[in-house]
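Structure first, commentary second.
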Amino acid sequence: MRILVFIALLLCSYLSQAQSITGQWVTIDDNTGKKRSIVEIYESEGKYFGKIVKLFREPGEEQDPVCDECEDYRKGKKIIGMNIITDMKKAGSELDGGEIMDPENGNIYKCKIWREGNELKVRGYLYFLYRTQTWLPQE
């Protein structure tokens with residue numbers, strides 16, 4: 001009986017971790033299919049944020065660029081270490097109510113994030129238009 005309880009607890013622990021949104025995620029370029037960055041999603045004071053912890057850049061590109069296209073407090077700041085996901089709130093099994101910023105063009109979108117199996121779905125909204133990206137777990 002103890003063994004069954006132990007296995008059940010282990011399985012519950014595994015399943016709860018398997019569906020976590022927090023952690024490090026690899027972003028993929030929609031056009032090329034190449035890795036673009038690693039974003040770490042974390043919780044702070046009941047809200048969720050995502051910061052860029054690594055960029056995958058070509059050898060001739062600036063390896064530690066600043067956000068020239070940003071129009072808010074992030075303008076001119078280093079992209080590595082920058083929060084691009086801000087003020088998300090837990091809504092059931094999803095994160096919602098915050099924003100995501102694209103450092104490539106400085107645009108800010110309303111955001112929704114959820115898990116589908118091993119993948120993270122990140123949707124940015126602008127009015128009634130939206131785009132959903134698939135992020136993969138950092139291994």
Side-chain angles (χ1 to χ4, degrees):
M1 183 66 171
R2 287 183 189 166
I3 293 174
L4 288 176
V5 171
F6 178 73
I7 290 172
L9 288 173
L10 214 71
L11 183 59
C12 288
S13 173
Y14 172 76
L15 290 175
S16 68
Q17 288 178 353
Q19 292 303 310
S20 177
I21 291 175
T22 59
Q24 292 190 350
W25 298 91
V26 178
T27 69
I28 307 296
D29 186 284
D30 293 335
N31 299 319
T32 65
K34 293 181 179 179
K35 294 179 183 180
R36 294 189 70 199
S37 66
I38 296 175
V39 174
E40 181 178 354
I41 298 179
Y42 63 96
E43 186 266 335
S44 177
E45 298 180 11
K47 293 185 180 180
Y48 292 80
F49 301 85
K51 67 179 174 184
I52 295 177
V53 295
K54 181 176 182 174
L55 294 173
F56 297 99
R57 310 278 288 178
E58 296 294 326
E61 293 179 302
E62 172 64 46
Q63 296 301 305
D64 193 13
V66 298
C67 191
D68 293 325
E69 299 300 321
C70 295
E71 296 182 4
D72 60 5
Y73 64 93
R74 295 171 274 212
K75 184 166 185 67
K77 305 269 193 223
K78 297 280 187 181
I79 293 175
I80 296 174
M82 177 181 289
N83 275 332
I84 62 165
I85 298 172
T86 55
D87 298 325
M88 301 293 290
K89 297 173 192 82
K90 191 111 172 127
S93 61
E94 302 176 345
L95 298 181
D96 200 358
E99 297 178 329
I100 187 167
M101 190 269 300
D102 183 346
E104 213 167 269
N105 57 31
N107 292 336
I108 298 172
Y109 307 94
K110 294 198 179 301
C111 185
K112 182 177 190 175
I113 301 173
W114 69 95
R115 290 287 301 258
E116 283 187 10
N118 201 34
E119 300 175 339
L120 193 69
K121 300 296 183 173
V122 179
R123 180 171 289 170
Y125 294 89
L126 184 60
Y127 303 109
F128 59 89
L129 301 173
Y130 65 87
R131 185 177 90 192
T132 305
Q133 287 189 326
T134 299
W135 294 3
L136 304 174
Q138 168 62 22
E139 297 174 359

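Keep in mind the model is a prediction, meaning the values are calculated, not measured.
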Point to revise | F56 atom CZ, neighbour heavy-atom count above 12 within 6.0 Å | key: yes
Review point. Looking only at atom types and distance, does a side-chain atom of K78 sit under 3.5 Å from a main-chain N or O of D64, one as donor and one as acceptor?
Key: yes
Revision key, fill the gap. Tightest non-hydrogen contact, residues E43 and Y48, listed as CB-CE2, 3.5 Å
**Study point:** Residues clustering with F49 (ILVMFWY side chains joined when closer than 4.5 Å, directly or via others)
**Key:** Y42
Practice item. Work out which heavy atom in L95 is nearest to a heavy atom in I21; give both atom names and the distance. Key: CD1-CG2, 3.6 Å
Check your understanding: If you look only at pairs with a residue in residues 19-32, which of them pass as a salt bridge (charged side-chain N to carboxylate O under 4.0 Å, His left out), with sequence neighbours excluded?
Key -> D29-R36, D30-R131
Exercise for review: For Q138, look at atom CD and say whether over 12 heavy atoms of other residues, nucleotides or ligands are found less than 6.0 Å away.
Suggested key: yes
Point to revise | Point-to-point distance, once rounded to the nearest 0.5 Å, from CD1 of I108 to CD of E71 | key: 8.0 Å
Revision key, fill the gap. Closest heavy-atom pair, Q63 versus L55, reported as atoms and distance to 0.1 Å, is O-CD1, 4.5 Å
Review point. Please, which pairs that meet salt bridge (charged side-chain N to carboxylate O under 4.0 Å, His left out) have at least one residue in residues 54-63, sequence neighbours excluded?
Key: K34-E58
Review point. Of all heavy-atom pairs between I28 and Q133, which one has the smallest distance, and what is that distance?
Key: O-NE2, 4.0 Å
Exercise for review: Using atom types as modelled and distance alone, determine if a side-chain donor or acceptor of K75 lies under 3.5 Å from a backbone N or O of D68.
Suggested key: yes
Point to revise | Test side chain to side chain contact (heavy atoms under 4.5 Å, CB included) applied to K47 and K89, step by step | key: CA-CA 5 Å; K47 293 185 180 180; K89 297 173 192 82; 4.3 Å; yes
Exercise for review: Test side chain to side chain contact (heavy atoms under 4.5 Å, CB included) on K77 and V66 and set out the steps.
Suggested key: CA-CA 5 Å; K77 305 269 193 223; V66 298; over 6 Å; no
**Study point:** Residue pairs fulfilling disulfide bond (SG atoms under 2.5 Å apart) with at least one residue in residues 52-91, sequence neighbours excluded
**Key:** C67-C70
Review point. Counting N and O atoms only, with roles assigned by atom type, does the side chain of T27 sit under 3.5 Å from a partner on the main chain of S37, one being a donor and the other an acceptor?
Key: yes
Check your understanding: With a 4.5 Å heavy-atom cut-off, do R115 and L120 have their side chains touching?
Key -> yes
Exercise for review: Identify the two heavy atoms, one from I79 and one from P103, that lie closest to each other, and give their separation to 0.1 Å.
Suggested key: CD1-CB, 4.0 Å
Point to revise | Side chain to side chain, I100 and I113, heavy atoms closer than 4.5 Å | key: no
Exercise for review: Among residues two or more places apart or on two chains, list those pairs meeting ring pair (Phe, Tyr, Trp, His ring centres under 6.0 Å) that have a residue in residues 69-119.
Suggested key: none
**Study point:** Residue pairs, two or more places apart or on separate chains, that pass salt bridge (charged side-chain N to carboxylate O under 4.0 Å, His left out) and touch residues 92-101
**Key:** E94-K112
**Study point:** V122 versus C111, closest heavy-atom pair with distance
**Key:** CG1-SG, 4.1 Å
